[in-house]
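Contents: one structure, followed by commentary.
Just so it is clear: chains get the letters A, B, ... in the order the sequence lines come, proteins before strands, and each one is counted from 1. As the structure is a prediction and not an experimental result, all values here were calculated from the model.
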2 protein chains.
Amino acid sequence: MTTRRVSELPKPTEAELAILGVLWDRGSGTVRDVHEALYAHDGGGYTTALKLMQVMHAKGLVERDDSQRAHVFRAVVSKERTQNRFLSDIVERVFDGSASQLVLHALGSQSASREELKEIRQLLNRLDRESK
Amino acid sequence: MTTRRVSELPKPTEAELAILGVLWDRGSGTVRDVHEALYAHDGGGYTTALKLMQVMHAKGLVERDDSQRAHVFRAVVSKERTQNRFLSDIVERVFDGSASQLVLHALGSQSASREELKEIRQLLNRLDRESK
DNA sequence: CATGCTGTACGAAGTCATTCGTTGAGGGGT
DNA sequence: ACCCCTCAACGAATGACTTCGTACAGCATG
């Protein structure tokens, strides 16, 4: 038994999320890539990044191509899926399950540009039409 | 020096958030209240709730009226403030700092009723007028 | 071949969140 | 006065996340 169901991938921790961010941006990356993108500038150790990525691999969050000496990692979970995962979590735990409450808060307190407001309005229109 | 700046209250943990939820709902509550609301039904121990609330008090997340034998707890942080706190966090860490990206995701993947959509549209209109 | 560089593997330590068992204090009822 | 119930206090155990030190392998250069 070596397989693992995708739906049961654990929620990435804080440090893991930062690493996933780098991998999503780059498509893939070595430990060195990640270390330089995240840890090098504040003195974080190389092995710290390595260990985290090993743990992530053990959890199934990333896959690894070890045909090269410097293993190349790639995110298994998509950025969108992970965003939705975190979103559901926070809606559930902090907004009493109401996504629109979250939206109202987000629009009210965080700033959005006119361009972004327009984009949101368009989506809103589409949702309105669809739920007719 | 016994005072503590509000802005430096720590982010509530998962378990603490659940307890805050009960206190926000009820306005205030004893350990027993919280235990029965959250832990009793799945066999969670009374002292677990107590300990968590003691920790929360030490952190300054709740205040305590110990004039009664059963101490009465009350949330120090408001629900709205905490919601925004979590929102900023997730926007920063998962949505590359873009609140509108989060809104688009939330609207797209989570369901919202027509009533809620209307409410959102009204806020959108107001924001549009204000940013004129 | 020795040295140095770059890489992985592994385990230990520290911190934090969570859970629970035990203890002792305080009252109320008998 | 004595027993029982409810409660707060405290410390211990566990488990997860993070960080880092050390060890070792492969490879190139002198």
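The A:R64 side chain lies nearest to C:dA9 when the options are C:dA9, C:dG7, C:dA17. Ranking D:dC20, D:dT18, C:dT18 by closeness to the B:E14 side chain, first place goes to C:dT18. Comparing atom distances between the B:H71 side chain and each of C:dG7, D:dC10, D:dA8 picks out D:dA8 as nearest. Listed nucleotides: D:dT22, D:dA9, C:dG7. Nearest to the side chain of A:T47: D:dT22.
Checking side-chain atoms of B:H35 against main-chain N and O of B:G44 turns up a donor-acceptor pair under 3.5 Å. No donor-acceptor pair closer than 3.5 Å links the side chain of B:E16 to the backbone N or O of B:L52. Formation of a donor-acceptor pair under 3.5 Å by the A:W24 side chain with backbone atoms of A:V77 is found in this model. At least one donor-acceptor pair under 3.5 Å links the side chain of A:T30 to the backbone N or O of A:D33.
One interatomic measurement links the two molecules: CG of B:L52 to P of C:dT19, which rounds to 6 Å at whole-angstrom precision. With rounding to whole Å, B:H57 atom NE2 is found 16 Å from D:dC7 atom C1'.
The side chain of B:Q54 contributes an N or O atom lying less than 4.0 Å from OP1 or OP2 of D:dA9. In this model, the phosphate group of C:dT18 is not approached by any side-chain N or O of B:Y39 to a distance below 4.0 Å at OP1 or OP2. Under 4.0 angstrom from either OP1 or OP2 of C:dT18 there lies no side-chain N or O belonging to B:T48. OP1 or OP2 of C:dG21 has not a single side-chain nitrogen or oxygen of B:Y46 nearer than 4.0 Å. Using a 4.0 Å cut-off, no side-chain N or O of A:R69 falls inside it from OP1 or OP2 of C:dT8. Distances shown here put a side-chain N or O of A:K59 below 4.0 Å from the OP1 or OP2 atom of D:dC17.
Mapping B:T30 and A:G44 onto DNA chain D by nearest heavy atom places B:T30 at the nucleotide closer to the 5' end. Ranked by how close their nearest DNA chain C nucleotide is to the 5' end, A:K51 and A:A70 are led by A:A70.
A:V55 comes within contact range of no nucleotide atom at all, as no heavy-atom separation falls under 4.0 Å.
For the residue pair B:D96/B:S98, the side-chain donor-acceptor check at 3.5 Å is not satisfied.
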